[in-house]
Number of protein chains: 2
Amino acid sequence: MNNIQNILRNNKLSVTEGRKKILQLFLNTEGALAHSDIEKGAGENFDRVTIYRTLHSFVEKGIIHAIPSADNSIKYALCKDECGEGHHHDHHVHLVCSVCQKTLCLDEVVVPIVNFPAGYCIKNIEVVANGICKQCNS
Amino acid sequence: MNNIQNILRNNKLSVTEGRKKILQLFLNTEGALAHSDIEKGAGENFDRVTIYRTLHSFVEKGIIHAIPSADNSIKYALCKDECGEGHHHDHHVHLVCSVCQKTLCLDEVVVPIVNFPAGYCIKNIEVVANGICKQCNS
DNA sequence: CAAATAATTGCAACAATGTTGCTATTTTTG
DNA sequence: CAAAAATAGCAACATTGTTGCAATTATTTG
């Protein structure tokens with residue numbers, strides 16, 4: 001029935017107003033959300049601390065993933081089903097659009113294989129592209 | 001003669017104590033530096049604001065480049081010669097070592113070509129790998 | 001379903017990080 | 001070396017992130 005409740009239940013998180021509201025926001029949003037977006041979008045009477053803690057536990061559980069950026073504004077986006085507690089499998093590329101400023105997950109663009117010199121042990125690779133998205137480019 | 005002075009001169013920056021000291025730090029350091037590293041390393045009597053402003057102008061001039069990360073701790077590293085005012089050409093991969101915590105520029109590892117679907121316009125691609133560096137892996 | 005237990009929230013206080021305007025100082029220029 | 005330009009330092013403030021604790025809310029158990 002209720003998709004949101006299920007997601008929380010499946011990840012062994014109590015179903016609370018705050019978590020429901022934040023998860024709803026992610027489900028309704030195309031592109032990634034910064035902490036400040038959530039603060040604005042989740043209604044006025046929302047403690048900042050709750051947002052921090054909710055985002056942390058969502059990341060931990062593999063419900064959302066953090067997208068790095070070079071301008072000190074981490075964004076978060078929903079993970080695909082393969083992610084779970086303690087492990088993320090987000091092998092897609094992210095795009096920051098310089099026109100609409102959105103950060104998008106390009107699920108169809110897979111992170112390429114990078115050849116490292118011998119001696120390195122690579123665990124995971126993040127790719128963030130800067131450019132213009134489909135919508136803004138037309 | 002003086003390498004540091006030349007770098008500043010070539011980039012049309014006044015040669016000041018602060019800039020010399022911060023540039024020296026970068027030249028002496030293997031790996032990238034965070035703002036806080038510089039604050040610690042540059043001596044006690046250093047205004048934080050000066051560091052912010054110096055880093056900004058170094059990035060603008062193409063002397064250093066910012067390395068994104070998913071944990072809100074931007075680091076900076078020296079650019080190669082091809083970088084200049086207003087344009088960066090850092091087509092190398094970055095590695096964050098989970099053992100020594102250093103962020104390294106792997107100049108020998110070139111950012112691969114990523115194929116985006118039609119409609120996107122890509123300006124630049126950042127690749128950050130997480131893993132273990134050569135030193136720590138031996 | 002109510003009581004007991006466990007988990008989460010909100011608050012307050014604080015720490016760290018980043019920004020802006022202004023004046024004093026330093027650097028560069030002529 | 002003096003005038004002009006650029007930069008540093010200071011203060012004040014805004015934003016972002018963290019921690020401990022008491023009160024509230026959710027879940028579990030009988």
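As rounded to whole Å, 10 Å separates atom C1' of C:dA16 from atom NE2 of B:His35. Straight-line distance from the CZ atom of B:Arg9 to the C1' atom of C:dT29: 12 Å, rounded to whole Å. With rounding to whole Å, B:His56 atom NE2 is found 13 Å from C:dT20 atom C1'. A:Leu13 has its CG atom 19 Å from the P atom of D:dT25, to the nearest Å. Summarising the geometry, the separation between CD1 on A:Ile51 and C1' on D:dT18 is reported as 15 Å, rounded to the nearest angstrom. Whole-Å rounding puts the B:Tyr52 OH to C:dG21 C1' distance at 17 Å. Atom NZ in A:Lys20 sits about 8 Å away from atom P in D:dA26, given to the nearest Å. To the nearest angstrom, C1' of C:dG10 lies 14 Å from NZ of A:Lys21.
In terms of position on DNA chain C, the residue among A:Arg19 and B:Glu39 whose nearest nucleotide sits closer to the 5' end is A:Arg19. Residue B:Glu17 is the one, among B:Val49 and B:Glu17, whose nearest nucleotide of DNA chain D lies closer to the 5' end (criterion: closest heavy atom). Along DNA chain C, the nucleotide closest to A:Asn72 and the one closest to A:Gly18 are compared, and the more 5′ of them pairs with A:Gly18.
A donor-acceptor pair shorter than 3.5 Å cannot be found between the side chains of A:Lys75 and A:Ser69.
For B:Ala66 against B:Glu126, the heavy-atom pair with the smallest separation is O-OE2, 3.9 Å.
Distances shorter than 4.0 Å separate none of the side-chain N or O atoms of A:Thr16 from OP1 or OP2 on D:dA26.
Heavy atoms of B:Arg48 sit under 4.0 angstrom from at least one base atom.
Aromatic rings of B:Tyr52 and B:His35 (six-membered ring for Trp) have centroids within the 6.0 Å cut-off, being under it.
Looking at B:Pro68 and B:Val128, their side chains come closer than 4.5 Å, going by heavy atoms from C-beta outward. Between A:Leu106 and A:His92 there is no side-chain heavy-atom pair separated by less than 4.5 Å.
On a pure distance criterion of 3.5 Å, no polar donor-acceptor pair joins the side chain of B:Arg53 and the base of C:dG18.
If you check D:dC10, C:dC11, C:dT8 against the side chain of A:Ser14, the one that comes closest is C:dT8.
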